[in-house]
Amino acid sequence: MDKSLNIAFMESNPNSQLQIPNSINLLDYTLQLADDALVVGHRISEWCGHGPVLEQDIALTNTSLDHLGRARSLYQYAAEQFNKLPIADRSNVFSSVALQNMVKAGANVDEDDLAFLRDGWDFKNVLLLEQPNIDWAYTIARSFFYDAFNYFFFTELSKSKDETLSAIAEKSLKEVTYHLRWSNEWVIRLGDGTEESHARIQKAIDELWMYTGEFFVPNETDKAMLQQGIGVDLDAIKEKWMAYIKPVFLAASINIPTGTWMQEGGKEGHHTEQLGYILAELQFMQRAYPGMEW
């Protein structure tokens with residue numbers, strides 16, 4: 001059956017077993033992944049020129065670029081989806097005045113608009129990634145938690161029915177594998193190092209632990225995408241994530257936190273004040289000089 005006939009059939013037969021992927025859900029899902037990458041990439045970039053040794057300064061800068069590169073690919077895909085929506089639907093997606101004005105003017109958005117013109121409550125990144133670096137141990141702990149999640153998440157996302165997300169996931173896996181090896185080694189190095197380094201990494205893990213649960217709490221978008229064979233089963237990822245981090249903590253002589261209460265809300269646009277500081281710096285140039293090119 002022709003694709004256009006397929007769509008016409010499904011639209012006229014809502015009870016059919018065939019399903020049309022929800023455009024808004026796919027857009028939100030893509031933005032969740034893009035925002036995660038952009039925010040953590042920006043956070044890690046703050047170490048550029050400030051790393052403890054030159055080699056690690058360069059390593060972190062490259063890691064930041066990997067995250068930002070993935071963010072750009074995802075924002076490009078999100079922009080394509082957004083621009084295909086009916087005008088009425090586009091008007092309700094973002095609260096940003098700048099983007100609302102673009103929609104009213106009939107203009108299309110691109111990846112830069114999505115990164116630089118949305119307001120904080122339009123961002124869907126998990127809360128862990130916007131937390132400040134504080135010190136080397138906090139950066140390592142945050143990276144390790146996220147890298148371990150990403151490894152299993154993108155492994156599954158590479159099997160997605162959405163060809164674009166699958167391709168981005170497959171490419172990202174090569175980078176994420178390196179990221180995880182790097183942060184894994186640093187957790188062990190700090191935990192099994194001096195008394196000072198052990199105390200710092202344990203404190204960082206204890207304080208950031210309450211943000212890790214949000215990785216595995218599916219919102220309505222996650223559920224819809226999983227049902228359509230596009231998204232990832234976060235419950236299954238959680239088991240693999242826990243099974244991976246436990247032996248690393250054991251090797252580093254680090255105690256796994258026992259707290260079960262977890263922060264959440266980032267996927268719904270509810271953020272800590274830390275995201276505001278990030279966006280104030282990240283978006284300054286485009287906000288101060290709209291449409292500036294160089």
Side-chain angles (χ1 to χ4, degrees), residues 17 19-22 24-37 39-40 66-67 70-71 73-74 77-78 124-129 141-184 187 205 208-252 254 256-268:
Q17 293 181 347
Q19 295 180 341
I20 304 174
N22 186 306
I24 297 295
N25 279 332
L26 181 57
L27 172 60
D28 284 346
Y29 195 69
T30 305
L31 286 173
Q32 285 179 191
L33 303 182
D35 291 345
D36 280 348
V39 170
V40 77
D66 289 341
H67 289 305
R70 183 170 72 254
S73 295
L74 289 163
Y77 187 40
K124 305 175 185 297
N125 59 281
V126 295
L127 301 177
L128 172 68
L129 305 181
R142 184 188 59 217
S143 293
F144 178 62
F145 287 145
Y146 183 52
D147 295 342
F149 171 78
N150 269 350
Y151 179 79
F152 296 110
F153 182 87
F154 285 120
T155 296
E156 294 304 312
L157 190 64
S158 65
K159 306 169 188 175
S160 172
K161 290 182 179 180
D162 186 288
E163 294 181 358
T164 301
L165 290 181
S166 176
I168 293 173
E170 188 172 348
K171 178 180 182 297
S172 298
L173 260 178
K174 300 174 184 177
E175 300 166 345
V176 168
T177 300
Y178 166 76
H179 299 166
L180 181 55
R181 183 170 68 247
W182 181 86
S183 58
N184 176 325
V187 167
I205 286 170
L208 293 177
W209 181 257
M210 66 177 174
Y211 294 104
T212 60
E214 189 178 11
F215 284 141
F216 313 106
V217 178
N219 60 9
E220 293 305 313
T221 297
D222 293 318
K223 294 175 184 177
M225 292 295 94
L226 176 61
Q227 186 178 18
Q228 294 174 16
I230 295 174
V232 172
D233 184 347
L234 297 179
D235 286 334
I237 294 295
K238 183 177 182 179
E239 295 179 7
K240 296 176 181 177
W241 183 84
M242 284 297 298
Y244 181 85
I245 68 170
K246 284 182 178 180
V248 175
F249 284 177
L250 180 63
I254 293 172
I256 298 179
T258 57
T260 57
W261 184 84
M262 296 289 171
Q263 296 272 8
E264 58 183 85
K267 293 180 182 180
E268 309 302 332

Peer 1: Out of curiosity, D162 CG to T30 OG1, how far, rounded to the nearest 0.5 Å?
Peer 2: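 Answer for the CG-OG1 pair, D162 versus T30, is 6.5 Å.
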Peer 1: Looking at residues at least two apart in the chain, or sitting in another chain, which of them share a side chain to side chain donor-acceptor pair (under 3.5 Å) with K240?
Peer 2: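 Partners of K240 by the side chain to side chain donor-acceptor pair (under 3.5 Å) criterion, ordered by chain and then number, come out as E156.
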Peer 1: Find out whether W261 and M210 are in side-chain contact, i.e. whether some heavy atom of one side chain is under 4.5 Å from a heavy atom of the other.
Peer 2: yes
Peer 1: Set out, in order, the CA-CA distance, both residues' side-chain angles and the distance that settles side chain to side chain contact (heavy atoms under 4.5 Å, CB included) for T177 and W182, then state yes or no.
Peer 2: CA-CA 9 Å; T177 300; W182 181 86; over 6 Å; no
Peer 1: Counting only pairs under 3.5 Å, give me each side-chain donor-acceptor contact of residues 216-223, with atom names and distances, residues two or more places apart or in other chains.
Peer 2:
| from | atom 1 | to | atom 2 | distance (Å) |
| --- | --- | --- | --- | --- |
| N219 | OD1 | T221 | N | 3.2 |
| N219 | OD1 | D222 | N | 2.8 |
| N219 | ND2 | Q32 | OE1 | 2.8 |
| N219 | ND2 | E268 | OE2 | 3.3 |
| D222 | OD1 | Q32 | NE2 | 3.3 |
| D222 | OD2 | N219 | N | 3.1 |
| D222 | OD2 | K267 | NZ | 3.0 |

Peer 1: Donor-acceptor pairs under 3.5 Å, side chain of residues 166-173 to any protein atom, not counting sequence neighbours: which ones?
Peer 2:
| from | atom 1 | to | atom 2 | distance (Å) |
| --- | --- | --- | --- | --- |
| S166 | OG | S158 | O | 2.5 |
| K171 | NZ | E175 | OE2 | 3.2 |
| S172 | OG | I168 | O | 2.7 |

Peer 1: Using the test salt bridge (Lys or Arg N to Asp or Glu O under 4.0 Å), find all partners of D35 that sit at least two apart in sequence or belong to another chain.
Peer 2: R118
Peer 1: In the structure I gave you, are the side-chain heavy atoms of L165 and L26 within less than 4.5 Å of one another anywhere?
Peer 2: yes
Peer 1: With the side chain counted from C-beta on, respond yes when Y211 and V126 share a heavy-atom pair under 4.5 Å apart, and no when they do not.
Peer 2: no
Peer 1: Just verifying a value: how many Å separate L31 CG and N125 CG, rounded to the nearest 0.5 Å?
Peer 2: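 Rounded to the nearest 0.5 Å, the CG-CG separation comes to 11.0 Å.
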Peer 1: Kindly compute the distance separating OH (Y77) from CD (E163), expressed to the nearest 0.5 Å.
Peer 2: 9.0 Å
Peer 1: Nearest 0.5 Å please: distance from the CG atom of L128 over to the CE atom of M262.
Peer 2: 10.5 Å
Peer 1: Could you list the donor-acceptor pairs under 3.5 angstrom formed by side chains in residues 142-153, with sequence neighbours left out?
Peer 2:
| from | atom 1 | to | atom 2 | distance (Å) |
| --- | --- | --- | --- | --- |
| R142 | NH1 | Q131 | O | 2.8 |
| R142 | NH1 | N133 | OD1 | 3.2 |
| R142 | NH2 | N133 | OD1 | 2.7 |
| S143 | OG | T139 | O | 2.9 |
| Y146 | OH | R70 | NH2 | 3.2 |
| Y146 | OH | N150 | ND2 | 3.4 |
| D147 | OD2 | S183 | OG | 2.9 |

Peer 1: Indicate yes or no for a side-chain donor-acceptor contact from E214 to the backbone of L127 under 3.5 Å, with no hydrogens or angles considered.
Peer 2: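 Side chain of E214 to backbone of L127, a donor-acceptor pair under 3.5 Å: yes, one is there.
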Peer 1: Assess, by modelled atom type and distance only, whether the side chains of D66 and Y178 contain a donor and an acceptor separated by less than 3.5 Å.
Peer 2: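 Looking only at side-chain atoms, Y178 and D66 do not form any donor-acceptor pair under 3.5 Å.
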Peer 1: What closest approach, in Å, do F215 and L234 show between heavy atoms, and which atom pair accounts for it?
Peer 2: O-CD1, 3.5 Å
Peer 1: Where do F249 and I205 land on the side chain to side chain contact (heavy atoms under 4.5 Å, CB included) test, with the steps shown first?
Peer 2: CA-CA 10 Å; F249 284 177; I205 286 170; 3.6 Å; yes
Peer 1: Under the rule for side-chain contact (heavy atoms from CB on, under 4.5 Å), what residues qualify as partners of D233, not counting sequence neighbours?
Peer 2: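 L226, D235, A236.
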Peer 1: Would N184 and Y244 count as a side chain to side chain contact (heavy atoms under 4.5 Å, CB included) if you check the C-alpha gap in whole Å, the side-chain angles of each, and the deciding distance to 0.1 Å?
Peer 2: CA-CA 10 Å; N184 176 325; Y244 181 85; 2.6 Å; yes
Peer 1: Using the six-membered ring wherever Trp is involved, compare the ring planes of H67 and H179 and label them parallel, tilted or perpendicular (cut-offs 30° and 60°).
Peer 2: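 Tilted: the ring planes of H67 and H179 meet at 30° to 60°.
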